Amino acid sequence: MRTQEPRLKFLDFQAEVEEVLADSCRALGFKDLQIEVSLPPNDTYGDLASAIPIRIAKEAGKNPGDVAIEVASKAMELAKKKRYIGAVSPHRGGYVNFQINHSRFILDSISAISSGDLGAVREKGETVAIEHTNVNPNKALHIGHARNLVLGDSLVRVMRYMGQQVQALNYVDDSGAQVADIIVGFKFLGFSDEAPPGVKYDIYCGDSVYTKVTKAYEQDPSLKEKQSFVLKEIEKGTGETADYARGIVRKILSAQLATCWRLGATYDLLNWESQLVHSGMWEQIFESLKKMGYVKFQTEGENKGTWVIPDPETGEEKVVVRSDGTAVYVAKDIPYAAWKIGLIGDPFGYETYPVSQPGGVLYSTTLDGKKGKVHFGGARLAISVIDTRQSYLQRIVSKVLDRFREGSSKRYLHRSYEVVSLSKNTAAQLGFAIEGDFAHMSGRKGLYVNVDTMLDRLKDKAKSETRRRNLAEPEAWVDDVAEAVAVSALRYELLKQDPDKMIVFDFYDALRFQGDTGPYLLYSYARARRILDKTEGKPAIDEKSAARLTSPKELKLAKQMSMLDLSAETAEEFLSPKEIARFAHELAVAFNDFYESVPVNKEEDPQLRDARLALVDAASRVLAESMRLMGIPVKDRI
RNA sequence: GGGCCCGUAGCCCAGCACGGAUCAGGGCGUCAGCCUCCGAAGCUGAAGCGCGAAAGCUCAGAGACCGUGGGUUCGAAUCCCACCGGGCCCGCCA
């Protein structure tokens, strides 16, 4: 699978250990064993461990401790030829522990890190389409959307780090009821289609128009007719109302994108739902499914006059085409999914989107028939970041894809995550009295916290903290740093928690910059860079000086920094970027521990000082890389 | 009725995929310390029960609530089953 040597040496060490273990077991007559290694519970045991003797002992009816001695002594012999294995020792509980040859390991790790870019573990990866963000263009992003964005964007970054060719997709539902609601507000309820000065357009539409239109529906149900009129016009795609809606959607989308970019996320392509609908892909798929007999026309019963497919869970039926001939919601997801993994011809052309995106060209689908140089869709693997409430529908999509081509569901993955809700206190601050400890956000009710609002609050706090520490710096500098601190705090907070767990958002907790937070990482990095800025020496290490880096804190730091690729591999395999968050935090802790007790610039011996400088330099580079993988901005000083 | 997810310290979380080693790790909060010394957004230490103003003394010392109860296993926070509590999903809405 890996076509290139791993750059960070812990994986090398692990590979050596696995090989030695396998050979030792074979030499002792134990064959066909699954070789497994793990990190010992405690550093004093060693750097990698295996419980294989326990398994052998059980089968052979021997004492695990004795087997461990046998295996260890054989492994010790074989390990002499290995570069990174320093010592092998048995443990009477039935473990074999492997210790790193520290000086070689440190020397090679530092050299590898300082001599080149990290990442790109594979030379040529597969194409992976990752869809995320997907916010209806009628309101501003709230912190729940931010969880989606942070998860998706970090996945994009991890996949790219691992060498995959990623397409970051953002799906824009420009033809749904929520958009129609805004248009109803402008056209029939007298809302201005200009935001008041100083108010972001998406925030205006969400906070001041959408919530009020929804209320108006409750008071005057006849307004719903206006909504369905607008909806039909939008679906038709031509005419004055449709053109007007198109303009409004673009305006809101631009405002939303500004927030996405503020959070550090960028996209390769915008997929417009209206174009997906008009592309004819659904009709094509529907015809095939009919031929396969997977969709059936109901001639009687409660679903009379509709087309249905079997429900994957109950075996009952799920309507896909209504009796009026229109397709239901999943029928939009199915062609989109099929397009992503290339089960269907690509109907789209691609043009650059007229708003320029920092850090890369943003494309937009077109249906004008022109084919440009770039291509999207047809990926080997597609990942959709969508919250857990859509799991059922996503399973239906998977089932249909499988029917369309065997094995497709393995190439179409749903990365689900739990929603973000608001704590009782935070809801109260927003003027909502709730029962229970938390409340689900609701765009309709106006119960939500906008991303921009949150970032601004974080930034205000970060500004005063930064100013306090940097009295002489110009305002623009402080502003820039405060923005980075704010983004780091929000992204890290949303990323570090397991996606399966609901986040109960609370202003008080979220405004914390101490402990296991994004700012802690920024601070640790700045501390490391400070050492390198202030020094007379130059990072340099050779065999002799590497052998002098023997304090446990130096070893711990070197070991930790060389495990980034291990975390990145896990993050990729389980679509779980929080691995990177855990890694980065541990690295920062290891660095701060080192920092407190090991002098660098104050070290009098220049050789040792320079070797430590090299270690600090390497560790800081890895820390910066891990922060980049999470989309956290990196600053040399904060 | 069927399905998915969560339940770990006062609070918030890690560990669960691949079951293992003596104390199940962090963070927040609380208390006490550390800036003439590479940045204090950091680091170090303390917190079983009872008595005592306190130094301290007595008790606890196999088994200490990983939601509960079973099971599998030499071994379970981790796997299986049941139950309890919480959240979500099962529309000819999107």
Side-chain angles (χ1 to χ4, degrees), chain A residues 34 36 38 40-42 44-45 49 51 54-55 57-58 64 91-95 97 136 173 175-178 231 273 298 302-308 311-314 316 318-324 326-330 332 387-393 395 416-419 421 436-438 440 462 465-466 468-470 485 489 496-504 506 509 512-524 526-535 570 573-574 576 578 581-582 585-586 588-589 592-593 595-603 612 616 637-638:
Chain A
Q34 184 150 15
E36 46 198 41
S38 58
N42 191 315
T44 59
Y45 287 116
I54 300 178
R55 227 165 291 284
K58 193 181 170 188
H91 184 277
R92 62 189 152 77
Y95 299 87
N97 293 311
N136 283 329
D173 181 358
S175 57
Q178 296 205 7
L231 207 46
E273 175 166 291
Q298 297 300 96
E302 56 177 352
N303 292 331
K304 185 175 176 189
T306 67
W307 291 85
V308 302
D311 180 320
E313 267 157 29
T314 58
E316 289 164 13
K318 163 89 193 154
V319 173
V320 288
V321 175
R322 303 181 188 104
S323 48
D324 65 3
T326 58
V328 303
Y329 179 71
V330 267
K332 290 170 189 165
D387 78 54
T388 178
R389 292 172 300 187
Q390 301 247 21
S391 295
Y392 170 69
L393 288 175
R395 274 197 296 276
S416 81
Y417 63 94
E418 260 293 348
V419 295
S421 60
D437 298 333
F438 63 89
H440 287 287
E465 297 278 320
T466 307
R468 196 159 54 78
R469 294 168 173 81
N470 300 278
V485 170
K496 72 168 180 183
Q497 192 153 330
D498 193 287
D500 284 339
K501 277 185 174 163
M502 188 199 291
I503 293 177
V504 179
D506 185 90
D509 292 337
R512 223 171 20 83
F513 292 164
Q514 285 112 26
D516 187 8
T517 64
Y520 177 74
L521 302 179
L522 275 174
Y523 173 76
S524 305
R527 250 185 158 183
R529 296 319 299 181
R530 186 66 151 196
I531 293 178
L532 295 157
D533 284 348
K534 283 196 141 179
T535 190
T570 311
E573 187 180 355
F574 297 104
S576 176
K578 76 165 180 188
R582 299 206 308 112
H585 180 250
E586 267 183 59
V589 168
N592 282 313
D593 198 25
Y595 182 94
E596 295 290 333
S597 63
V598 181
V600 180
N601 288 329
K602 278 179 287 175
E603 172 56 48
R612 284 182 181 155
V616 169
R637 283 175 46 224
I638 67 169

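Note: hydrogens, waters and symmetry copies are ignored here, and every other heavy atom, side chains too, is used. Throughout, a chain's letter reflects where its sequence line sits, starting with A, and its residues are numbered from 1. None of these values were measured; they are calculated from a predicted model.
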If you check every side-chain atom of A:Val328, which of B:A41, B:C92, B:C38 has the closest atom?
B:C92
Considering just the side-chain nitrogens and oxygens of A:Gln178, establish if one lies under 4.0 Å of OP1 or OP2 belonging to B:A94.
no
Please check if the side chain of A:Ser391 supplies one atom and the backbone of A:Thr388 the other of a donor-acceptor pair under 3.5 Å.
yes
Need one value for A:Val485: base, sugar-phosphate or nothing, where a base atom within 4.0 Å counts as base even if backbone is also close, heavy atoms only.
base
Using the glycosidic torsion, which applies to B:C57: syn (within 90° of 0) or anti (everything else)?
anti
Remember a base hit wins even if backbone is also touched, and classify A:Asp173 as base, sugar-phosphate or nothing at under 4.0 Å, heavy atoms.
sugar-phosphate
Regarding A:Asp516, tell me which of base, sugar-phosphate or nothing describes its non-hydrogen contacts under 4.0 Å with the strands shown.
sugar-phosphate
Assign A:Pro64 to base, sugar-phosphate, or nothing according to its heavy-atom contacts below 4.0 angstrom with the strands shown.
nothing
For A:Asp437, I'd like to know if atom CG has over 12 heavy atoms of other residues, nucleotides or ligands within 6.0 Å.
no
How would you label the contact of A:Glu302 with the nucleic acid (heavy atoms, under 4.0 Å): base, sugar-phosphate, or nothing?
base
Are any of A:Arg527's side-chain N or O atoms less than 4.0 Å away from OP1 or OP2 of B:A40?
yes
Tell me which nucleotide among B:G39, B:A21, B:C28 gets nearest to the side chain of A:His91.
B:A21
Counting only side-chain nitrogens and oxygens, does A:Arg322 get under 4.0 Å of the OP1 or OP2 atom of B:C93?
yes
Assign A:Ala57 to base, sugar-phosphate, or nothing according to its heavy-atom contacts below 4.0 angstrom with the strands shown.
nothing
Can you check whether A:Lys501 has a side-chain N or O nearer than 4.0 Å to OP1 or OP2 of B:G7?
yes
Expected output check: what is the dot-bracket annotation of RNA chain B, where ( ) and [ ] are pairs inside the strand (brackets for crossing ones), | is paired with another strand, and pairs are Watson-Crick or G-U under 3.5 Å?
(((((((..((((......[....)))).(((((.......))))).(.((....)).).......(((((..]....))))))))))))....
With sugar-phosphate meaning primed atoms plus P, OP1 and OP2, does A:Gln497 contact a base, only sugar-phosphate, or nothing at under 4.0 Å between heavy atoms?
sugar-phosphate
Can you tell me if the side-chain N/O atoms of A:Tyr595 get under 4.0 Å from OP1 or OP2 in B:C43?
no
